[in-house]
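To start, the structure under review is shown below, and the notes come after it.
To find a chain, count down the sequence lines: A is the first, B the second, and so on, and within it residues start at 1.
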Protein chains: 2
Amino acid sequence: MSTIKDVAKAAQVSVSTASRALNDNPRISAATIAKVKQVAAVLDYRPSGPAKTLSKGEASVVGVIFPVTDEHAPANPFQLDIIRGANTELVAKNYVLATAICQDEASLLKNVQAMVEQSQIHNFLVLYTKADDPVTAYLREKAQNFVIIGHPSQPGDRYLNNDNQLAGQKATRHLLIEEGVRQPLLVCSGHHWAYEADRQAGYQAALAAQGGTALSYDLQKDEPAAFFAAHPSVDGIIAVDDISLLSFYNQLQTVTWPKQLPAICFNRSRLLSLASPAVIKVDMMPRQLGAKAINLLFDKHRTHQLVGFRIVSANEK
Amino acid sequence: MSTIKDVAKAAQVSVSTASRALNDNPRISAATIAKVKQVAAVLDYRPSGPAKTLSKGEASVVGVIFPVTDEHAPANPFQLDIIRGANTELVAKNYVLATAICQDEASLLKNVQAMVEQSQIHNFLVLYTKADDPVTAYLREKAQNFVIIGHPSQPGDRYLNNDNQLAGQKATRHLLIEEGVRQPLLVCSGHHWAYEADRQAGYQAALAAQGGTALSYDLQKDEPAAFFAAHPSVDGIIAVDDISLLSFYNQLQTVTWPKQLPAICFNRSRLLSLASPAVIKVDMMPRQLGAKAINLLFDKHRTHQLVGFRIVSANEK
DNA sequence: CTGTTAGCGCATTCAG
DNA sequence: CTGAATGCGCTAACAG
C-alpha cells in the first residue's frame, strides 16, 4: 500500500500539502490539488483509517446499536435491511459500519462505551426506542452524535421515523375504499409500542373521517371466541405488524371464523408473504430508512425526518 | 481518557515498560506487571484501538460479510443471531465487529477491500457460500484470516457448520419413531443449496436404516395436485427450512390435502412459530454458531468444526 | 499558497 | 529486567 508520503514524493510536494490537497483544502491551488489527486489515483492511494482516526480523534465509523432481543423484540430481518441501506451510503463515504449487538443490556452498554472510548467512534444509529435506556443516556451524557430510528424517546434527540400515523390512515382508507370494508378491526400486539400507537392514531383518524367506529383487538388480553361473539360486524383486518397478524391468525384457529377477510398489515417480510400471500402489505421501506438515517446523522442542522411507505397489493411480487 | 503515558507516570516506569507489562511480556518482572496493571485499573485505562492498529498493522476488528440479498436469499433473522453470538465473544476480547452488507456483489467487494486495505481488518467471518465468489477469492489472494459459516466452498478454506447431515438423520428418525410416521416427505427449496443437500443425505440415511423409501417434493418444479395424487401414502412432512415449509403450506392451499400431518422443520424463527406453532423445529442454535466461529477464527491450528442442534417439540416455548 | 515541525497512542527496536 | 528513541500514517499549528 502506498502512503501519503509516496504520493507527496511523486507529486513533488510536501506531505502536508498532499494531505490538504486530498482533503480539498481551499488554501491549496486548484492546479496542485489536481496534480496530487491525479498522482494519488495512479498510485492507487488509500488513506489509512487508523492513522486518520489517531490524528483527528474521531473514527470514520458509524456504530449501529441493536436492541437486546427478547420474546417481545425478536431478531428482525427489518433491521438487516435498515443497515443494508445505511451501509450503502457509508461505503460511498469510505466509512465503516460497526455493530453493537448483545444479549443483555449490561454488555450492550459496555460495547458502546468501548466503541466511544477505545475506538473513537462518535456517530451512532440507534435501532430502538426504550424508556430509561442506559445506552442512549450514555450517548447523551458523552455528547455523541446519534440518530434514533423510530419514535424519539427524549425531547432533544434527533430521530428518523416512518410516518406511522399517516401510514395507519392510508392503510385504513385503503381497506375501506378499495376493499369495501365497513368495520375494520385493528389487531394490536398489546405491548403499547410507540409505532403501534401512531398507526392506531392514523386508523382512528381515517375511521373518524369516514364516520366509522374504531375497534381493536389486543393480542395479550382479548379472547377470540368472546370477542367475535360480541362483534359480529367485523369484516376486515388491519394488523400493526407482521408478527401480530400471524399471532392473530394463530389465535383464530381455535374458533370458527372466516380467515379470508381482507387484511392489511405493516411490514413486508418474506416469511409473511409466504405464510399469508393474500394479505395486503404496507412496505415501510427499511433500506431507504437506513440510507436517510445516515444522511441525517451527518447533517447536524436537521433534527428529524419522516420517511415514506408504500402500499403493496396482495398479488404484487 | 488516560493514556499509557499516564499509567507509566503513575506507576513510575517508562512508557515502554508499561506497554510490555500491560501485554504480559515475560521480560517484565511479575512485581512490575502487577503494579502497572493495578495502576491501570485505578486510572481506568483503555488502550486506544487506532493507535494499536497503527503500530501493529492489524486492527482489533472482525469483519462479518453478509450475502447479497435477493429473492432466493432474503434478509434472515438467523444471521442476526449469529452475529449476536459472535459479538458476545468479541466484546470480551475488546474487539469490534464491523459489517460488510451491501445490495450487490460489486459494492460488497469494494467494502471488503476497503476494510482490508484502509482499516487494516484482517479477520473475517463469511456468512454464506457461493461458487465463484469474488469476495472470498479476494480474501484468499490477500491471505486474510477467515472462517466460513456454512458448507466450505474450497478445499483449503476453514469453516464452521451445523452438522446438517446428522440433523437430517435425527429429524427424520424423530418423525418415524416419536410421531409414528411411515412415509415422510422431504420438502426442498429446489435451489440445491449445500445445507439442503446435507439435510437430504441425512434424511435418506435415516430412511435407509429403517427400510423406508425416500420421497421429495421440489418447490420449484412439483405441482401439488399431481404430486399428491401420485403419492397418497405420505403421512408426515420434513422441510429443509422454515421458508420452504411456509411456501409448501401455501402451495397446499390450492389442493385438498390434510395440512395437519406431523411436520418437522429446520430453523426456528419466531414468525414460523407464530404461523405454524404445531410444527416440530430443529433449532440450529445460531448464537452458538457465531460464538464458536469466533473461537475457530482465532485458533489457526484448527481448520473446521461442526456444531450441534436441538430438536424442539411443538409446544415448547 | 506551500513547507517544516510536532504530535496523536502505542509497540518495538536498540541500548544498557 | 528496564529505559530511550523511533516509527506507524496522517492532520494541524506555525512559519514563511
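- Using a 4.0 Å heavy-atom criterion, one finds that T32(B) contacts the sugar-phosphate atoms exclusively.
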**Report entry** Check against side chain to side chain donor-acceptor pair (under 3.5 Å), N123(B) and Q144(B)
**Finding:** CA-CA 6 Å; N123(B) 297 286; Q144(B) 304 296 304; over 6 Å; no
Query raised in the report: Can you check side chain to side chain donor-acceptor pair (under 3.5 Å) on E58(A) and H122(A), steps first, answer last?
Result: CA-CA 7 Å; E58(A) 167 157 344; H122(A) 300 311; 5.2 Å; no
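- Note on ring orientation: taking the six-membered ring where Trp is involved, the planes of F298(A) and Y95(A) are perpendicular (angle over 60°, cut-offs 30° and 60°).
- Note on R302(A) versus D299(A): salt bridge recorded, some NZ/NE/NH1/NH2 to OD/OE distance being below 4.0 Å.
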Report summary line: Protein-proximity profile, nucleotides 4-11 of chain C, B/S/- by nucleotide at the 4.0 Å heavy-atom cutoff, equals B--BBBBB
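- A side-chain donor from one of R287(B) and Q103(A) sits under 3.5 Å from a side-chain acceptor of the other.
- Taking atom CZ of R27(A) as the reference point, atom P of dC14(D) lies 12 Å away to the nearest angstrom.
- Atom NZ of K35(B) and atom P of dC1(D) are 15 Å apart (whole Å).
- Here the closest non-hydrogen pair linking N87(A) and C102(B) is ND2-SG, 4.0 Å.
- The CG atom of D24(A) sits 14 Å away from the P atom of dC1(C) (whole-angstrom rounding).
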